[in-house]
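Nothing here was measured: the structure is a model prediction, and the numbers come from that model.
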Amino acid sequence: MALRLRDDFTRDSDIGQEPPLQLVDDFFFEQLVKHVVQREISGLEPLARLPTSPGTWKGLWAAVRDLRDAVVSPATALKALTEEVFEEEDRTWLRSLFTLHAAVMEANRSLGVGSPDDLAASLGRDLSGSRFLKGLQQVLYYGFYDLSQVQLSFFESVIRVAPTTLYFPLQDRPAFFFARRFFERHLLPLADTYEDQSGEKIDGATTELIELSVKNVIGVEEELATVCREILTLVEVNGYRFDEIGVVARSLEPYQARLQSVFDRHLVPFMSTAGKPLLREPLVKTLLRLASLLLNDFDRVALLDVVTSPFYNRQGAGLEETDIRPDAWRSLVYTLGITKGEAEWKRLAEPASASILRDAEAEPGEADDERPAGSRNTSQQTYLWHVVSQLIRHCRALPAQGSIGVLTEAFLTLAQSHVHAPELFGLPPIEPSESAELAKVGSLIRAALARLQQLDPLGGDILWEEWVELFRLILDETRIPIEEGRHQGVQVLDAMTARGRTVRALFLLGMNEKVFPRYVREDPFLRDRQRVVLESTLGYKIDEKLAGHEEERLLFELLSRSPANRLYLSYQRADETGRVMAPSSFVAMAMRDPRFIGKPEEMVPRLLTQRVSEQPSIQDLLPAEELVLSCLLQGHDAVSVVDAAGRDRLLFEEGLTTLKTIERESLELGPFDGMVGVQAAELSAVTDRSFSPTSLERYATCPFQYFAQKILRLEPIRWLQDDHLPPIMIGSLAHASLRLSYERLVSLQWPEKTLTEALARSTVQEAVIETFAAHAASQGTGHALLWTLACEQVTELVVSAVRSDQAEYQATGFRPVAFETDAQGVVTLGSDSQPLSLKIHGTLDRVDYRAEPPALRIVDYKFKQGSEISVVDRNLALSAVRGFRLQPGTAMSS
């Protein structure tokens, strides 16, 4: 109504009047509060000491909004402080809060902005000039049990102009005391006549008692599924229509992630006020990654997520979609050791990178199983560098700081060059089937950017990092409607929206303590004792926060009166993780209410088989997937169900046969165990090929892994970023450091000549630093802190090894003579009658020699990180027999 009146007054007003008030949302005021506090205005010192977090600005604006809604005059409140109306310990803080209130009001007037309540306040003084209101014969008000002072003043202004009838929820029950206090204090004095209809029968209403059912479940998924099964029973058995059924929760937020999937799986149509977070959409994640690239120094995970995204505009980069392979780009980046920074990304264009990729393609001994395998196409490297270099150049062109409007336009320019976003830039959709959903996401992103640009009048320059954080906060607050279409489906609503609506059957979800009733807290910035003074002493209508307990009881009372026939209450006795949850006190209160016919509370079992065994009739209400699973668990034939559901029958039968073969408990070999096909054609290739011990270990552990990696050359589609340096990198650095350190120590006549501890350590340290520097020059360092820690760790490891070998030489006479030596040989297999040979190749980490008696000893390094030695490495000889460790030798643990 306020918007309609504003339009009327604007149309009837003369030219030269004040421009209409620009409506802004809470996010604008939160940033306005932040802007005012950080300007170091006199009197705001206590607020300036608060932590600068989004929650701080939300809380401060909530307190200021309550003062505004109560039409508190800052001047009057500040004067009350000087007159010692408030307690002494509260005065300093309240002075800063009232000063902030005054500053926000002044900023509103100067900027010409306001909230919907500000609009109502600006119109509520005198509505006698409204032709719209004068033309009405009757105004009907309904749907509220409390109003703020601004809304109450607007209501008073309306009733002065037009005849008005108010329908107010009020009965002689304890739950209505919250509404009765407001009614008697503020509404009843305004009424010319008052008619109590609480005891009268409404036309069409039934006097029959309402059937009450209470169920408890485990987890959100089963709670929604239980509701869907009951809805289908009401429709198919009791003749209900879907639009005669309501599903209500105090807040739909716990259910919004699974609401649509569960209802769609059970084929239950619904309308809902719930929404899923926009921030979870892949397009939105890509845009946020793009905006943050400059801030995280082009981190490889973030940058690869952008350029490999299906929304990345590769056509804008001048590439043909058929020529590129984003799935291979991650492997290239990880092989080259790129972590972050423009300097590391330039390795893609360096000639040395080709040799690094070729080395990764080969089988260089025992490390080959940990390296990414597969063919390295140099064209993919060229494509990737073209895309990355262009993206980095455009990100570098972003302004470091500027106004919100300038930074928003800069981001739009960047996004338009690199992101294909329907409805955001007027581009055609990527996939026709996804056009509607993507168009909705694009329009919401555009609306979020428009909200962000509304902050531009606040003035001042901000850093790019601050702009990105504002963008993220706005996206985090934006919701995508799950099912907003108008149709005759089940109404799934939150409690505040559902109050006053009438249905035949109502399901109340989430009847758990601290959920419904919600957990009520005092306002940390404007305590209830201070609100009492503002109301009782200064005369402002401002509610206490702890009065929310009474409001929760009234809200449940109103909802429990909505159904005409059936009321279902459900709560979770535990969540999906097993955490026990307490039922709401409202459940017991409803069970004692004489208006309801209560049934014994039902506990829904967690296991599907148990649910079916206790209530076989629910099989008619199960989705196809659950019905198939139920049949299989009970040992029944599910083929007919698969056919009825339209699933692939052949695939199901083959999968079921394979599953039975895999899960059999017999010790006998199955029909496929050991089957490798015809061996004659491959025998020569196997006998001619040379194998490394690591490859044989892989084959002994899992032949299929060896086949997939070594024969098929399959590569992982997605590489996950580790929170540590890769083990292959640490192992290579440790081996190279050991080799160089021992070579330099041997040149100093060690171990025959005992070196001082300082000389041995300095020699090792120089060798390790040189090894790490050579690796960094070609393949990068990774994360700086982890790299430094790894260098120190390898240094201490080599020093300990040298100290141990010095003692070993004195005891046995073995001294190192050769390092990292290539070797090959033949191992005889089979029986004497059918001898077979297998070629073996590898690298000997170290060869030791003893002069008297003459002997050679081969030392193989094993570098393992952990607090203790694993069972496999503790007994290397036994592990070698089992095929787990084919290179028993000296193990070094860290």
Side-chain angles (χ1 to χ4, degrees), residues 3 7 20 22-31 113 115-116 252-253 256-257 259-261 263-264 269-292 305-306 309-316 398 404-457 467-487 489 492-494 497:
L3 290 173
D7 294 340
Q22 180 186 358
L23 296 182
V24 292
D25 56 14
D26 285 341
F27 184 80
F28 178 91
F29 286 106
E30 292 165 12
Q31 300 308 311
V113 299
S115 65
L252 291 176
E253 185 175 355
Q256 61 189 11
L259 178 63
Q260 187 170 19
S261 62
F263 272 68
D264 289 350
F270 72 99
M271 299 180 298
S272 178
T273 58
K276 53 186 178 181
L278 180 64
L279 202 57
R280 294 182 181 178
E281 291 296 315
L283 174 58
V284 178
K285 292 181 179 180
T286 301
L287 289 173
L288 270 181
R289 287 285 203 185
L290 178 64
S292 305
D305 282 348
V306 172
S309 168
F311 303 103
Y312 191 75
N313 186 16
R314 302 188 186 96
Q315 286 76 15
L398 291 170
I404 291 180
V406 170
L407 297 183
T408 303
E409 290 298 329
F411 173 73
L412 284 172
T413 302
L414 175 68
Q416 191 167 6
S417 301
H418 295 276
V419 176
H420 191 92
E423 290 295 319
L424 186 56
F425 308 114
L427 299 175
I430 299 175
E431 295 289 344
S433 60
E434 300 179 354
S435 59
E437 187 68 24
L438 290 176
K440 185 188 301 182
V441 173
S443 62
L444 289 174
I445 297 172
R446 188 172 64 250
L449 289 170
R451 291 175 59 196
L452 189 57
Q453 287 182 314
Q454 284 184 332
L455 302 177
D456 196 48
W467 184 92
V468 173
E469 179 62 17
L470 288 175
F471 186 38
R472 187 192 65 79
L473 289 174
I474 284 184
L475 293 174
D476 191 36
E477 292 182 355
T478 308
R479 295 290 184 269
I480 304 176
I482 293 179
E483 185 61 51
E484 58 182 349
R486 303 288 298 177
H487 54 74
V492 183
L493 309 171
D494 62 272
T497 306

Mind listing the closest non-hydrogen atom pair of [X] and [Y] along with its distance?
{"X": "Leu287", "Y": "Ala415", "value": "CD2-CB, 4.0 Å"}
{"X": "Met271", "Y": "Gly489", "value": "CE-O, 4.2 Å"}
{"X": "Pro277", "Y": "Gln256", "value": "CD-NE2, 3.9 Å"}
{"X": "Lys285", "Y": "Arg280", "value": "CE-O, 3.5 Å"}
{"X": "Gly275", "Y": "Ile482", "value": "CA-CG1, 3.9 Å"}
{"X": "Val441", "Y": "Val284", "value": "CG1-CG2, 4.1 Å"}

Check for a donor-acceptor pair, side chain of [X] on one end and backbone N or O of [Y] on the other, with a separation under 3.5 Å.
{"X": "Asp26", "Y": "Phe29", "result": "no"}
{"X": "Thr408", "Y": "Ile404", "result": "yes"}
{"X": "Ser272", "Y": "Val492", "result": "yes"}

Roughly how far, to the nearest 0.5 Å, is [atom2] of [Y] from [atom1] of [X]?
{"X": "Leu449", "Y": "Gln454", "atom1": "CG", "atom2": "CD", "result": "12.0 Å"}
{"X": "Ile474", "Y": "Gln31", "atom1": "CD1", "atom2": "CD", "result": "7.5 Å"}
{"X": "Thr478", "Y": "Glu281", "atom1": "OG1", "atom2": "CD", "result": "11.5 Å"}
{"X": "Ser292", "Y": "Glu469", "atom1": "OG", "atom2": "CD", "result": "9.0 Å"}
{"X": "Leu279", "Y": "Leu475", "atom1": "CG", "atom2": "CG", "result": "6.0 Å"}
{"X": "Phe27", "Y": "Asp476", "atom1": "CZ", "atom2": "CG", "result": "10.0 Å"}

Taking C-beta and beyond as the side chain, do [X] and [Y] meet within less than 4.5 Å on heavy atoms?
{"X": "Leu288", "Y": "Arg472", "value": "yes"}
{"X": "Leu438", "Y": "Phe311", "value": "yes"}
{"X": "Phe270", "Y": "Gln260", "value": "yes"}
{"X": "Trp467", "Y": "Leu452", "value": "yes"}
{"X": "Glu409", "Y": "Leu412", "value": "yes"}

Next on the checklist: Determine whether Leu455 and Leu470 satisfy the following criterion, side chain to side chain contact (heavy atoms under 4.5 Å, CB included), listing intermediate values before the conclusion.
Outcome noted: CA-CA 10 Å; Leu455 302 177; Leu470 288 175; 4.3 Å; yes
Item to check | side-chain hydrogen bond (donor to acceptor under 3.5 Å, both in side chains) against Arg479, all qualifying residues, sequence neighbours excluded | outcome: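 Not a single residue meets the side-chain hydrogen bond (donor to acceptor under 3.5 Å, both in side chains) criterion with Arg479.
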Checklist entry - Which residues pass the side-chain hydrogen bond (donor to acceptor under 3.5 Å, both in side chains) test with Ser115, sequence neighbours left out? => result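 By the side-chain hydrogen bond (donor to acceptor under 3.5 Å, both in side chains) rule, Ser115 matches Asp118.
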Item to check | Tyr312-His420 aromatic ring centre distance below 6.0 Å | outcome: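 No, the ring centres sit 6.0 Å or more apart.
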Item to check | Working for side chain to side chain contact (heavy atoms under 4.5 Å, CB included), residues Asn313 and Val419 | outcome: CA-CA 5 Å; Asn313 186 16; Val419 176; 5.9 Å; no
Next on the checklist: I'd like to know if the side chain of Ser261 pairs up with that of Asp264 as donor and acceptor (distance under 3.5 Å, no hydrogens or angles considered).
Outcome noted: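 Asp264 and Ser261 do not have a side-chain donor-acceptor pair below 3.5 Å.
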